[in-house]
Asks: 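Before I ask anything, let me first share the structure, which is written out below as structure tokens.
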Amino acid sequence: MTEEKREELKPSVSFIEQFIIDDLKEGKNQGRIHTRFPPEPNGYLHIGHAKAICLDFGMAKKYGGKCNLRFDDTNPVKEDVEYIDSIKEDIQWLGFDWEEREFYASDYFGKLYEFAKELIGRGLAYIDDQPADIISAQKGTPTAPGTESPYRNRTIEENLDLFERMNKGEFDEGSRVLRAKVDMTSPNMHMRDPIIYRIIKSAHHRTGSAWNVYPMYDFAHGQSDYFEGITHSLCTLEFEVHRPLYDWFIDQLKSDDYRPRQIEFNRLNLTYTMMSKRKLLELVQEGKVRGWDDPRMPTICGLRRRGYTPESIRRFVDLIGYTKVEAINDVLLLEHAIRDDLNIRAPRVFGVLNPLKVIITNYPEGKVEEVTLINNPEDESQGSRNVPFSREVLIEHDDFMEKPANKYFRLAPGMEVRLKGAYIIKCEGFKKNETTGDIEEVYCSYDPDTKSGGEASNKKVKGTLHWVSALHAVDAEVRLYDRLFDHEDPSGQKEDDYRSFLNPGSLKVLTGCKVEPALAQAKPLDKFQFQRLGYFCVDYDSVPGKIVFNRTVSLKDTWGKMNK
RNA sequence: UGACCCAUGGUGUAAUUGGCAACACGUCAGAUUUUGGUUCUGAAGAGUCCAGGUUCGAAACCUGGUGGGUCAACCA
């Protein structure tokens with residue numbers, strides 16, 4: 001899109017941003033905007049979380065507000081410190097900053113406990129002695145109303161006494177719960193006397209064994225928002241039915257005009273992958289992938305290892321928008337975002353994945369020239385580099401055909417191609433293994449006048465190939481990734497387990513690849529465009545002498561598409 | 001036999017709130033190119049789930065359908 005066209009476009013904001021603009025205009029909450037990102041520390045962040053992070057932090061920043069990081073750690077059996085550091089790292093890597101506002105729902109356990117006792121005192125909460133299955137049965141179904149617990153009308157004194165003794169550890173897990181007294185006949189299941197405190201005797205990663213009762217999500221989240229002065233509590237669509245309860249608790253809690261507002265938006269779904277934390281954990285535990293940061297995973301750390309940049313992820317999130325429609329986004333759009341970003345920033349280099357030796361028969365033996373190559377035609381400031389050229393070079397196996405197909409612009413008997421940055425060569429012959437049919441060597445002549453920059457270098461040839469000098473190239477392992485699943489929506493099929501859609505070809509490890517010498521110095525996460533092939537990123541597994549690259553994404557390939 | 005939410009090209013979103021259905025991705029064609037990349041130009045592709053209604057005028061508002069999603073964890 002041209003700048004001019006961009007100017008002409010009318011500004012459009014998401015429905016959430018419009019709500020924020022309206023609230024600000026109405027002067028709600030003293031004109032403040034304060035959001036929060038509330039991960040549960042029970043797994044790694046994925047790109048769906050990135051969508052929420054961009055909104056939470058993005059809206060706060062755009063409207064002069066703040067965004068808190070708050071760990072929603074109300075369930076000690078499922079949560080662990082292990083995840084906290086990775087979550088913080090991922091948010092920072094994405095480019096967002098919660099400054100000193102790192103909070104935990106567990107910071108408020110004391111206040112929440114007091115609030116619970118206050119509700120009991122006001123006759124709005126009671127201890128239920130029934131087991132889980134009975135309580136569950138009494139809740140009714142979405143189409144049938146629930147029935148009231150026989151313990152619903154205990155005295156305030158008894159409720160208070162029982163609640164305190166629950167917290168002292170006098171009762172077993174599961175023997176009693178604290179429920180809010182709302183409405184057992186409500187059409188909204190969440191309003192049917194929700195459980196707000198349960199007994200858990202496992203140690204909590206932050207509060208240790210200080211508590212024997214822990215608040216449920218519905219009793220912790222909105223109140224934490226309130227305690228922190230949050231104005232806009234943005235979450236995904238499945239919490240829509242929780243909103244009446246969220247508001248109910250805020251109504252009991254509020255003392256002035258301030259009140260946080262929950263707004264729900266659509267979750268991110270991507271084709272050929274899935275976002276379920278539980279299922280992603282299964283992939284890791286069952287060894288279907290190499291870990292949370294396997295480059296095929298939709299996790300932030302996986303994308304980072306794959307070679308995605310924070311800018312590209314933010315751009316992608318910006319492109320897909322926020323609505324209330326449950327959509328499934330084409331992963332092609334994510335790939336477009338990273339290509340677009342890397343096109344401008346990634347230096348171009350030569351890497352040969354599947355080498356075929358070309359001997360330039362009329363080039364002097366032992367001679368080595370340095371040829372100069374532009375690092376990035378899209379960015380002059382990246383300068384140029386020298387690459388050694390000699391009599392034996394390696395080209396891509398695909399760049400030679402014994403019997404060229406129609407419109408094949410590469411090397412074939414009698415055909416001329418340019419070795420990019422060096423000379424134009426002509427194929428004079430080749431060596432073929434008669435038993436296997438493999439092409440083993442190709443023999444070419446070169447024209448010394450066609451050296452790039454030289455007098456005859458403007459000669460038109462159909463093809464330009466990348467190459468490395470056989471003598472100077474360094475070894476590399478290259479990992480090619482394809483979609484993890486071969487079904488657009490692997491976890492959305494009722495009949496089939498998502499595992500049955502695992503793509504057996506999602507990882508191809510290529511050894512014996514050859515890259516230009518300077519790459520021996522590359523560091524993990526360094527990003528390059530292997531010219532004519534794609535964008536590649538140095539993997540953490542690299543060791544001196546053997547560098548490992550991950551293919552982030554291939555270049556668009558119109559030739560490959562023509563031949564599909 | 002419930003409540004709530006949703007429905008615009010293939011996909012994702014717009015339409016300044018009732019005034020010519022637009023943008024991005026993808027697709028196709030052409031130009032440029034020492035990357036079959038990039039860039040540039042152009043094209044095809046929806047008449048807005050359906051049926052009524054209100055209105056000079058409806059993608060938008062109303063009614064009723066249809067289709068999809070969410071909700072019955074002592075998970076978040």
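Lettering of chains follows the sequences in order, A, B, ..., and the numbering in each one begins at 1.
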Asks: How would you list, by chain and number, every residue that makes a side-chain contact (heavy atoms from CB on, under 4.5 Å) with A/N386, sequence neighbours excluded?
Replies: A/E370, A/T372
Asks: Given a 3.5 Å cut-off on both pairing distances, which stems involving RNA chain B, each at least three consecutive Watson-Crick or G-U pairs, are present, if any?
Replies: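 Listed by first number, the stems are B:2-7 with B:66-71, B:10-13 with B:22-25, B:27-31 with B:39-43, B:49-53 with B:61-65.
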Asks: Please confirm whether A/H221 and A/Y217 have ring centers closer than 6.0 angstrom.
Replies: yes
Asks: For a quick test of reading the model, state the closest non-hydrogen atom pair linking A/L342 to A/T309 and the distance between them.
Replies: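 Heavy-atom minimum between the residues: CD1-CG2, 3.8 Å.
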Asks: Would you indicate, yes or no, if B/rU13 has its OP1 or OP2 atom less than 4.0 angstrom from a side-chain nitrogen or oxygen of A/N266?
Replies: yes
Asks: Using only side-chain N and O atoms of A/H336, determine if any of them is under 4.0 Å from OP1 or OP2 of B/rC25.
Replies: yes
Asks: What's the CE-C1' distance between A/M401 and B/rG36, to the nearest Å?
Replies: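 Those two atoms, CE and C1', are 14 Å apart.
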Asks: Give the rounded distance in Å between these two atoms: CE of A/M184 and P of B/rA72.
Replies: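 Taking CE of A/M184 and P of B/rA72, I get 14 Å after rounding.
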Asks: Just N and O in the side chain of A/R339: are any of them under 4.0 Å from OP1 or OP2 of B/rU38?
Replies: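 So the side-chain polar atoms of A/R339 never come under 4.0 Å of the phosphate oxygens OP1 or OP2 of B/rU38.
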Asks: For the side chain of A/N68 and the backbone of A/R70, is there at least one donor-acceptor N/O pair under 3.5 Å apart?
Replies: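 No, A/N68 side chain to A/R70 backbone: no donor-acceptor pair under 3.5 Å.
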Asks: Starting from P on B/rA24, measure out to CG on A/L332 and report it in whole angstrom.
Replies: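 About 16 Å, once rounded to whole Å.
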Asks: To the nearest Å, give me how far apart CD (A/Q223) and P (B/rA76) are.
Replies: 13 Å
Asks: Which nucleotide wins on minimum distance to the side chain of A/K556, given the candidates B/rC28, B/rG37, B/rA76?
Replies: B/rG37
Asks: Between the side chain of A/H204 and the main-chain N/O of A/V77, is any donor-acceptor distance below 3.5 Å?
Replies: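 No, A/H204 side chain to A/V77 backbone: no donor-acceptor pair under 3.5 Å.
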Asks: Pick the nucleotide of RNA chain B nearest each of A/H190 and A/M562; which residue has the one closer to the 5' end?
Replies: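 Result of the comparison: A/M562.
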Asks: Between A/R176 and A/F171, is NZ or CZ placed under 6.0 angstrom from the six-membered ring centre and within 45° of the ring axis?
Replies: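 Yes, A/R176 sits over the ring of A/F171.
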Asks: Phosphate oxygens OP1/OP2 of B/rU27: is one of them under 4.0 Å from a side-chain N or O of A/K561?
Replies: yes
Asks: Any base atoms under 4.0 Å from A/I328, or only sugar-phosphate, or nothing? Heavy atoms, all strands.
Replies: sugar-phosphate
Asks: Report yes or no: is there a donor-acceptor pair, N or O only, under 3.5 Å between the side chain of A/T464 and the base of B/rU35?
Replies: no
Asks: If I take atom CG in residue A/N269 and atom P in nucleotide B/rU70, what distance separates them, rounded to the nearest angstrom?
Replies: 11 Å
Asks: Please figure out whether A/R198 or A/D22 has its closest RNA chain B nucleotide nearer the 5' end.
Replies: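 First, find each residue's nearest nucleotide; the 5'-ward one identifies A/D22.
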Asks: Would you say a side-chain N or O of A/S136 is under 4.0 Å from OP1 or OP2 of B/rC74?
Replies: no
Asks: The side chain of A/Y217 is closest to which nucleotide in this list: B/rG36, B/rA76, B/rU34?
Replies: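 It is B/rA76.
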Asks: Distance-only, no hydrogens or angles: does the A/R551 side chain make a donor-acceptor pair with backbone N or O of A/G534 under 3.5 Å?
Replies: no
Asks: Do A/R261's NZ or CZ and the ring of A/F19 fall within the cation-pi criteria of under 6.0 Å and 45°?
Replies: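 The answer is yes; both the distance and angle limits are met.
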Asks: Is there a donor on the side chain of A/E378 or the base of B/rG37 sitting less than 3.5 Å from an acceptor on the other?
Replies: yes
Asks: Rounded to whole Å, please give me the gap between CZ in A/F239 and C1' in B/rA3.
Replies: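 Rounding to the nearest Å, CZ of A/F239 and C1' of B/rA3 are 19 Å apart.
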Asks: State whether the aromatic ring of A/W559 stacks on the base of B/rG36, taking stacking to mean ring centres under 5.5 Å apart and ring planes under 30° to each other.
Replies: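 Yes, A/W559 stacks on the base of B/rG36, since the ring centres sit under 5.5 Å apart and the planes are within 30°.
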Asks: Can you spot which of A/L353, A/D398, A/L555 makes a side chain to side chain contact (heavy atoms under 4.5 Å, CB included) with A/L533?
Replies: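 Of A/L353, A/D398, A/L555, side chain to side chain contact (heavy atoms under 4.5 Å, CB included) with A/L533 is met by A/L353 alone.
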Asks: Between B/rU34, B/rU39, B/rG37, which nucleotide has the shortest distance from any of its atoms to the side chain of A/S457?
Replies: B/rU34
Asks: How many Å lie between NZ on A/K462 and C1' on B/rU35, as a whole number?
Replies: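 Rounding to the nearest Å, NZ of A/K462 and C1' of B/rU35 are 16 Å apart.
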Asks: Taking 4.0 Å as the cut-off, does a side-chain nitrogen or oxygen of A/T323 come that near to OP1 or OP2 on B/rU13?
Replies: yes
Asks: Without decimals, in angstroms, what is the distance between A/R179 CZ and B/rC74 C1'?
Replies: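 Between C1' of B/rC74 and CZ of A/R179: 11 Å.
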Asks: Is there a donor-acceptor contact under 3.5 Å from the side chain of A/Q262 to the main chain of A/F239?
Replies: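 Confirmed, A/Q262 side chain pairs with A/F239 backbone.
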Asks: Please check the phosphate of B/rG37 (OP1 and OP2 only) for any side-chain N or O of A/T558 closer than 4.0 Å.
Replies: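 Looking at the OP1 and OP2 atoms of B/rG37, one of them is under 4.0 Å from a side-chain N or O of A/T558.
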Asks: Determine the interatomic distance between C1' on B/rA44 and the same-named atom on B/rA29; round to the nearest Å.
Replies: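 Each nucleotide's C1' atom is 10 Å from the other's.
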Asks: Kindly point out which of B/rC74, B/rG2, B/rA7 is positioned nearest to the side chain of A/V325?
Replies: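 Selected nucleotide: B/rA7.
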Asks: Give, ordered by number, those residues of residues 126-135 of chain A having at least one heavy-atom distance below 4.0 Å to an atom of RNA chain B; if nothing qualifies, reply none.
Replies: A/Q130, A/P131, A/A132
Asks: Among B/rA76, B/rG36, B/rC74, which nucleotide sits nearest the side chain of A/V177?
Replies: B/rC74
Asks: Is there a side-chain polar atom (N or O) of A/S186 under 4.0 Å from OP1 or OP2 of B/rA3?
Replies: no
Asks: According to the interplanar angle, ranging from 0 to 90°, do the rings of A/F536 and A/F530 count as parallel (below 30°), tilted (30 to 60°) or perpendicular (above 60°)?
Replies: parallel
